[in-house]
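One structure below.
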Amino acid sequence: MNSAETEFIAEKELVSIVPNFNYEVIYLISGDIGPFRAGLPVKVPIWLAMSLKRRQKCRIVPPRWMNVEDLEEVKKQELNERFFTKMPSEHYMVEAHLLLSVAADDIPRCEQIRTILKDIWDIRMSKLRSSVDQIIKTNAIHARLDHLTLMEINSIRPLLPHALDQLFRLQNGRGPSQASGSQAFTQ
Amino acid sequence: MSVSRRPMRYCHTEGHTDVCFSDDGKYIVTSGNDGDIRVWCGLEDDDPNSQCVGETAFAVAFKGETLFVATDNNKVQAYTFPQLEKDGIICNFTAPVTQIVISNNGKKVICGSRDMTIQICEMSSNNYETLSGHSAPILGVSVDPELKYLASSSCDGTIRIWSLETLKCVHIWSCLPECNSFKVAKCLGRTSWFPTNGKFIAVPDNTSIDLYKKDSWEKIKSFTDARILKPISIALFSCCGKYLAGSTISGEICIWNINQTMCVSYTEHPRHYTITAMAWNPANNGTIAFCDAAGQLGTIEGNLSLEAIEENVLEDEQSCPQPIDEEDDDDDENAISLDKIKSSVSQPCLGMQKFDIDSHSVKDDDDDDDDDASKMSAPTLKLQCPFQPASSPDHLEHRYMAWNSVGIIRSFSTTEENSVEVEFHDSSLHHALRLNNFLNHTLASLSEKAVLLACGARDTSPSKMVCVLLNSWDGSREWSVELPEGEVALAIACATNWVAVATNIRNLRFFTIAGAQREVLSLPGPIVCLAAQSNMLLVAYHHGLGLSFTLLSVERHGVEALVPFQPMPLSPHATLQWAGFSDEGTPCTVDSVGILRILSPKSFWLPLCDTRAKCKGKSDNYFVIGLSEKYQNVRCILCKGSHYPQTTPRPTVVEIPLKIPFCEISSEKSGLEEEFWRTQAIFDAVDSMCKVDMSYQREKEKAEKTIKETFIKLFALACRNGLEQRALDICRMMPSTQVVQLAIKYASKLGKMQLVERMSDMCDQITCGQTGQLTESHSRFIPSNKFSFHKKEAIKGNKNKSDDEDPFASQESSTGKENILLALKDKINSPANTPPSSIQKKVNPFKKNVKVVDSSANTEVNGGKDVAIGGKAPNGATSSSTLKVKQTGLWGKSPNSAGLSAKRPTFPQWFEKEKSALQEEFPDLDSRALSSVAVKRFKEVVLKKGSGAKPKDNSPNLSDYSQNSLSGSPQNTEDDITQSLLIANLQTDATEEITTPSISNTETKFEIAPDAKKRKLNDSSNPGGSFASKLAKFTFKK
């Protein structure tokens, strides 16, 4: 799964918007959306919110967690914990990226939010790398990583299984030679 | 004296904070480390008037209309109040002033400074005298009310008494801890003189306060308390002289009754910060305002009746020379005060209502319009000043002038700009507007057609109103009108076709939207607010002690009072906070304690929501901007820690559901009751909107369904709990007998015979009341019901889920049901004024034809057209899952049959008639074969003839048919429902129960298949019908 696909999935998350038009309920396969009442918040998928925002048809209400104070708290917790902490949203990075890209004017202190999110992302990625390092070094059979978001998993998925395969092959490469040696020995 | 300490609230940044009251006790003025002074209308004020006076403000004092503030520029600056404009410098020091006191007559201002000097300034002459002698910064000063002495405390550890005549130190106590700076001094050692005559001085001495006699400086008494462990910093007599308050450096505040040397109140600061300042409210001696070192403001409010205090004052005056010797008050008073002490200890936060009044009335003090009449009737009450619904107070720089369903009007009145911004929720209505506010408009109103602004009178210019038209087609974009001299606009409202303005001389003026003048009305009292929507105007005004309102209808031809002048309900001690209309046009109000009320069409007010109950924080509020009855919610903005929303960042509207304040709301019963009555309450509005807006149709159906469902659930709940009488009560509340029938059925399933009997009696009475005749049909109604019970006894063995949770968990074994349905049918027919004889007839074919059914069901299977439906019947009987499908099919089609089949005789009728002839013709056939032949013949003869013939006027036939065949006529909803249930029943009953009428049904149905679809569509728009069909479906699922 590449990042575009992850983004596609994340776009299904709901976000509140305040439309500046009136429209009745839209019936979609994923569920009904609306009715749109001008000036009143309504929950819509991010893809729709972005599309409406681009056409200046709505104002996006930032998700509850998307403010500097809460994110600072998350960051602090992430720093202090040894393991991954639960993120406020399963797609926090994608959501923030999408919303901040189109609706920077609706989100107060968006630059700060961007920075903090980047920090959180970096902390988590370094944690992820160090745990990968650890698993390889200790030759562990499995590792359990809770609270990883889809985006994070996909950042390492293209590489890690492949690398492990290679490692395995290398180890096996040594294995058969030993085996053949032993066979030679028995012969 | 029971007291309560209000929660502390932030007022300044951390540091020394001073507090004082205005002379009338309405305002609390604080100064703090952030260099601001703030004027609070009581502790609850969320928008204190704030003024920056310097880097740091050290002390404030208030006298008359002047506020004295000491700042870091080493000066004492006077400010006018309440305008807070600079009014001269009182005195200069070389270091900041630590305390300012003002003599009772207001002529002398005494300031103690960090430069170790004290200055006494004469206000009249601007002369000043300096007292020097302290060897460290002055911490506090206090002045003898008789202006003979002055007391000062200093960081050098001494408290000195100075003679104001000789300006010499006359006495020294060394009772304070020494320190080297005001900043590090914890204990301020602030003294206090006995208020009326200064006979005594209270001097804090470590953990006690000592009382010394003037002149002789003998110690008379010492006040202490076991709970006080830290040094007392401030001593302060109440204004009446009855009480003495002392605060410690660890946040305890003790109040002693000085006559009894008894601690009457003890409160602790939650975080034990040092109390830096304390002030008694001069207007009511129960309240102390205090500030702590963290910059927080708190109040202690005591439940002292003012009269009692006055008495005490008198007493003290009479016994002026030796008030202290009066220690032995009579026993009664002692006993009472003991009780009070106990109550103060056990319930420290009760008894605050009295002061709530105060805090609310304080808010409205700007109301300076001439309300002499009402003032005379209620001299102590301040009237609420007029306001615009959903606006924030006009002293704010950025404020909302209006926020309604159309848009938002904001005003920015800073020094750089003064403008009004209008934004529309629906951008297709109009683009956003930005208007320069040259005239200083303070009132605004918005509708789909216009923006209305109004300003008060200024020096030369009269009060003016400006209306900006949004969609003018003649090029004139705005018009304005000047009110006559002396008349000031206090409230305005803008609707689609007219605007209204209420003025200070109690005129209510109407204009058309384009500015033509219309009626001028006289209001019975001072205006509070106006709210307009479409053609309605809600006027709220003061009348007597409370508010009144009227609802006017402004039509093309004139203004008319829809609701005459009437009192408006408000919660105790509350003011009106918002008034407006729901989306559906029902007038509604919100008061300051957050209760939302709507005006029911029966012209009383219903509380529909307690918005404050939905807040999490204590000082959070919802700023209401609208109400939707369609969605049953209130649109509002959550204001954290304030009453009004901020302009930036843009607040988000939240919708909170309506909830009637029912008792024990968490219980299931109350939940259902609440839902039932809430839906009832909004039903009228939704119903009336249906006629205008088709989108309300769905909501109406939903509401109807909810009412029925909650009713049935309530009924079932009562039945389950064995509360039969309550169940009957619930039945009585239900207007529709159709649902009552279902309830009867349910009750009979539960075996509650007595209840069923009473309910059917009740039904009788209701229908009697409705029709005023038809006694015969009723007498038949009851026996048929009873009959069902007998049958039920017989089949009791079959049913095992009758106590199922669901009210409609009826069974397939529905003999009883059938009978009820018959009964129901009876009842339904009866309003159609059918003669009893025909009703009798109705039942007969049902039974007679049983034989015929048998034969036809078998023989007709291959008999052509009938197969499609006739063949399904046995299936349906055996399998309940297919039954459901079938049922719906039948349901959709069956009512149709009546309409068409009425044009020609039905099979049973025809068969009845022709039976003998047929028997003659085919004497050798048995009954089964005979009927099959008959059916064929019937088709050939009758139906072909019928289809060939043009449809004729069928009304006589129709009624005949409806009585003779069970399919009935689709005359009304109830009929449809009965049918659906009935047909469903017939299908579920075993084949031997299948009757000829059902065949006739299927037959005719087939014939009119194209029509069936149309009918189905109709059915779907029929709320009662769909509800019943769902019920029926549900039944069969089970």
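Numbered from 1 within each chain, the chains take letters A, B, ... in sequence-line order. What you see is a predicted model; the values in this text were computed from it and never measured.
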Legend entry - More than 12 heavy atoms of other groups within 6.0 Å of A:Phe168 CZ: no
Inset, instruction - Name the option with the most non-hydrogen atom pairs under 4.5 Å to chain A; the candidates are B:Leu429, B:Val653, B:Ile408. - result: B:Val653
Donor-acceptor pairs, chain B vs chain A, cutoff 3.5 Å:
from	atom 1	to	atom 2	distance (Å)
B:Asp426	OD2	A:Asn22	ND2	3.0
B:Ser427	N	A:Asn20	O	2.8
B:Ser427	OG	A:Asn20	O	3.2
B:Ser427	OG	A:Asn20	OD1	3.4
B:Ser427	OG	A:Asn20	ND2	3.4
B:Glu655	OE1	A:Arg37	NH2	3.1
B:Glu655	OE2	A:Arg37	NH1	3.1
B:Glu655	OE2	A:Arg37	NH2	3.0

Legend entry - Under 4.5 Å from a heavy atom of chain B, the part of A:Pro35 involved: side chain
